[in-house]
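Worksheet for the structure shown next.
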Amino acid sequence: MTFAFSTLGCPGASLDHVLELAKSNEISGLELRAADEEFTNTGLTPAQRRELRSRIEDAGLEILAVSSYVKLCAVEDQPLEAHLELAADLGARGVRVFPGDDGEGTADAPSAGEIRALDRVTSAPTDSQILLETHDSHSAGRKMAALLTRLDTDVPGHNAKVIWDSAHTWSHGESPAESFALLKPWLEFVQIKESDSKQQYRPVAIGTGDFPIRDLLTTLDGTDYPLSLEWELKWHPHLPPLEEALPATQSWISPVAQ
């Protein structure tokens, strides 16, 4: 099973530090947070992009996603194309985007935001995939599956896939088996994190919450979807550092994974 992590867990860290973390924890994939203050951003020159890609590839790592903050359904203009170009230049699987819909659609009538999403997917470059995370307006697997089903119908041959944030779908009342069945046709990889339902699903240290990790790994048994630790230290500074979270996560998943 491929194990990866997001650089959201080490905000502001250098590439050297990220590569050392990956090497010391037997990591094989990365989600690269894209932001002006990070080493991954859309302002990189062609030479900087080539160097970044080369160093990550030389370390034996795959970039699962360039993690943008594009909202596919939003009214405002979104820098989707710039992030897709960056992902293509870095050899990433695609660009992580959020749905960010502020309206409610129905099975028969999409929301205005969903219509905007359809238009953006239709006109987007296809060199890299658009990776919709189960987040915000579409945190539930059933809502994300409905959006992707609509894309399948209205934009045949589209390049959108799903990043399954398994904690988000669980916080919306779905078991891992239910969410997997809904999202499987479009699933690219799976994000994991520990959270506590008794604290309104707040992210917590590995092993101190009640996220159903055993149910998730049983559901994924026999598949080869990468697992990526989305350690939200940037937004939740109470969490332990990634240096502690990575080995703790390896132990958390090992008894079932083996």
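This is a predicted model, so every value here is computed, not measured.
- Considering Leu183, Val121, Leu147 as possible partners of Leu132, the one that fulfils the side-chain contact (heavy atoms from CB on, under 4.5 Å) test is Leu147.
- In this structure, Phe211 and Trp252 have tilted ring planes: the angle between them lies in the 30° to 60° band.
- Considering CD1 of Ile163 and CD of Glu133, their distance stands at 6.0 Å, rounded to 0.5 Å.
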Under the side chain to side chain contact (heavy atoms under 4.5 Å, CB included) rule, what do Val95 and Leu131 come out as? Steps first, then yes or no, please.
-> CA-CA 6 Å; Val95 173; Leu131 303 174; over 6 Å; no

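- Taking the side chain to side chain contact (heavy atoms under 4.5 Å, CB included) definition, one finds that Thr42 meets it with Ala82, His83, Leu86, sequence neighbours left out.
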For Asp210 and Lys198, what are the C-alpha separation, side-chain angles and deciding distance, and is it a salt bridge (Lys or Arg N to Asp or Glu O under 4.0 Å)?
-> CA-CA 9 Å; Asp210 56 354; Lys198 301 178 189 67; 3.5 Å; yes

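- Counting only distance, with no hydrogens or angles, the side chain of Glu243 and the backbone of Leu21 share no donor-acceptor pair below 3.5 Å.
- The CD atom of Glu81 sits 11.0 Å away from the CG atom of Asp127 when rounded to the nearest 0.5 Å.
- In the displayed structure, Glu26 atom CD is contacted under 6.0 Å by at most 12 heavy atoms of other residues, nucleotides or ligands.
- Counted within 6.0 Å of CD on Glu51, heavy atoms from surrounding residues, nucleotides or ligands total 12 or fewer; the atom is thus considered open.
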Salt bridge (Lys or Arg N to Asp or Glu O under 4.0 Å) evaluation trace for Glu37 with Lys234 = CA-CA 12 Å; Glu37 69 273 18; Lys234 172 73 175 178; 3.7 Å; yes

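- Taking the side chain as every heavy atom from C-beta outward, Glu76 and Arg116 never approach each other to under 4.5 Å.
- Annotation: the span from Ser197 atom OG to Arg202 atom CZ amounts to 14.0 Å, rounded to 0.5 Å.
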Show the numbers, then the answer: is there a side chain to side chain donor-acceptor pair (under 3.5 Å) between Asp152 and His158?
-> CA-CA 7 Å; Asp152 287 349; His158 66 81; 2.6 Å; yes

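- Ring planes of Trp164 and Phe180: parallel class, angle under 30° (limits at 30 and 60°).
- The side-chain heavy atoms of Pro203 and Leu239, taken from C-beta on, include a pair separated by under 4.5 Å.
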